[in-house]
Amino acid sequence: MLSVHAAHALLPQGWARDVRIDIQAGRITAVAAEQPWDGQVQRLGCVVAGLGNLHSHAFQRAMAGLTEVGGRSGDSFWSWRELMYRFLDRLDPDTFQAIAAQAYMEMLESGFTRVGEFHYLHHAEDGSRYANPAEMAVRVAAAADETGLGLTLLPVFYAHSDFGGAAPVPAQRRFLHDVEGFAGLLDGCRQALRASPDAVLGVAPHSLRATTPQELQALVEMAPGPIHIHIAEQTREVDACVAWSGQRPVQWLYANADVDARWCLVHATHVDPREVQLMADSGAVVGLCPITEANLGDGVFPMRDFVQAGGRFGVGSDSNVLIDAAEELRLLEYGQRLQLRGRNVLSPGPESSGRWLYEQATNGAAQALGVQAGLGVGAPADLLELDEQHPAMQHRTGDALLDSWLFAARNGALRGVWRNGRQLVRDGRHVNREAIAARYQAALGRILA
Ligand code: NGQ
Ligand code: ZN
């Protein structure tokens, strides 16, 4: 058994002092406050639970910063998607794994301890199957394993280019399955995760554009865990859904599927008040990806209404254009402040925005990723140690430390990160940073030089 001792820790019941945390086989087996440090176990400063990143497409990390040039006829989500599709031609399994490992290392360094990988790049460059049809899922698992990041693998079903079962376009050839083929992929994913006992397997119908109602139903029936779907991210998608069905995407989904706490609705940017209420009442998690949504010009989610209705949310790094857990929460709050022209607009009472955002997002992500949240018995021993010596963190205690981390600090405010009781980040750097970064650099040399 391993134990650590924290000068302060944010427990499910609030801040506590002198907390001893016992860990066995990666999980917390006991938490006791007001315990004297015995001088034997590792002594930490301020400790909070790790945050889950509920939505990622790891490979997109390698094209970050390469799509920030506008076209003559304007630029949009859809023209960005064209560039992203072209980038796929360069990704073989080794390159893909090197990029994913870099992205996962950066996630850990920023405070994310588990990722929901919304994984859709399944087939070879020409669309043919790899010898192992789950080859790329094996690579996702390997990248998670080599960095130590927790993995909730969400293999994506993708069969159509638009509502109404439209045929896929050639650029989507690496994503495609029929339902039977997808069942095979799911089996392959199970194999790929065999050596990772705490990995979670779910399913992800890509979007209502990419699945027919019948396919969606079949996927829900075969789901071994969480169900994630992109929904209502762009107004063009909402208009197309109305033209197809007479209903808005979220409205259609609730009318045609049994959406409950197993579900994660990614983006859900464009929703009307009735849809806000449906989502909140269902117990589903809304997966907000503030940095990517800003980068792609998606729009602003009606967060305050959703929170007031009792909705649950978490954050994801999605396109990985920038990987930063604190920045996702900061931008989530700031987008709402800009729109609502007020301060501290989300937390419902007279409480710290940082504490509220952090706890809500930690709980929402854990639900969406199929794991237990918080520093309680039975939860994974995923810990972050905040650096109280950092200039932005000095002479602060309790909630003010979280507020200062999220709103006032830049890099370096995290000193250590533990996953399943193993320290993976020391002094802000991943323990295997050099090797992972060198392999990433070599991979980029192959595909971009
Ligand atoms: C994706 N990304 O699957 O990577 C999508 C773009 C689509 C975001 N939605 C493709 N942010 O939605 O068709
Ligand atoms: Zn996405």
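Positions are given from 1, in the same order as the sequence printed here. Numbering of ligands and ligand atoms starts at 1, following listing order.
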Original post:
So, T95 versus R446: side-chain donor-acceptor pair below 3.5 Å or not?
Top reply: yes
**OP:** Using only heavy-atom distances, determine whether the side chains of H123 and R129 contain a donor-acceptor pair under 3.5 Å.
**Re:** yes
**OP:** Give a rough value, rounded to 10 degrees, for the angle at the Zn ion (ligand 2) between atoms NE2 of H55 and NE2 of H57.
**Re:** 100°
**OP:** Please identify each residue that fulfils side chain to side chain donor-acceptor pair (under 3.5 Å) with S317, with sequence neighbours left out.
**Re:** N53, N320
Subject >> Qualifying side-chain hydrogen bond (donor to acceptor under 3.5 Å, both in side chains) pairs, either residue in residues 62-75, two or more places apart >> reply: E68-N295, D75-S79
Original post:
Does Y334 have its ring centroid less than 6.0 Å away from the ring centroid of F407?
Top reply: yes
**OP:** Examine H267 and say whether one of its N/O/S atoms is closer to the Zn ion (ligand 2) than 2.8 Å.
**Re:** no
**OP:** Could you tell me the separation between the OG atom of S196 and the CG atom of L153, rounded to the nearest 0.5 Å?
**Re:** 9.5 Å
Subject >> By side chain to side chain donor-acceptor pair (under 3.5 Å) - contacts of Q234 (at least two apart) >> reply: D298
**OP:** Let me know which protein residues bring a heavy atom to under 4.0 Å of ligand 1; chain then number is fine for ordering.
**Re:** H57, Q60, F77, W80, R81, M84, Y120, H206, R209, H230, E233, H267, L296, D318
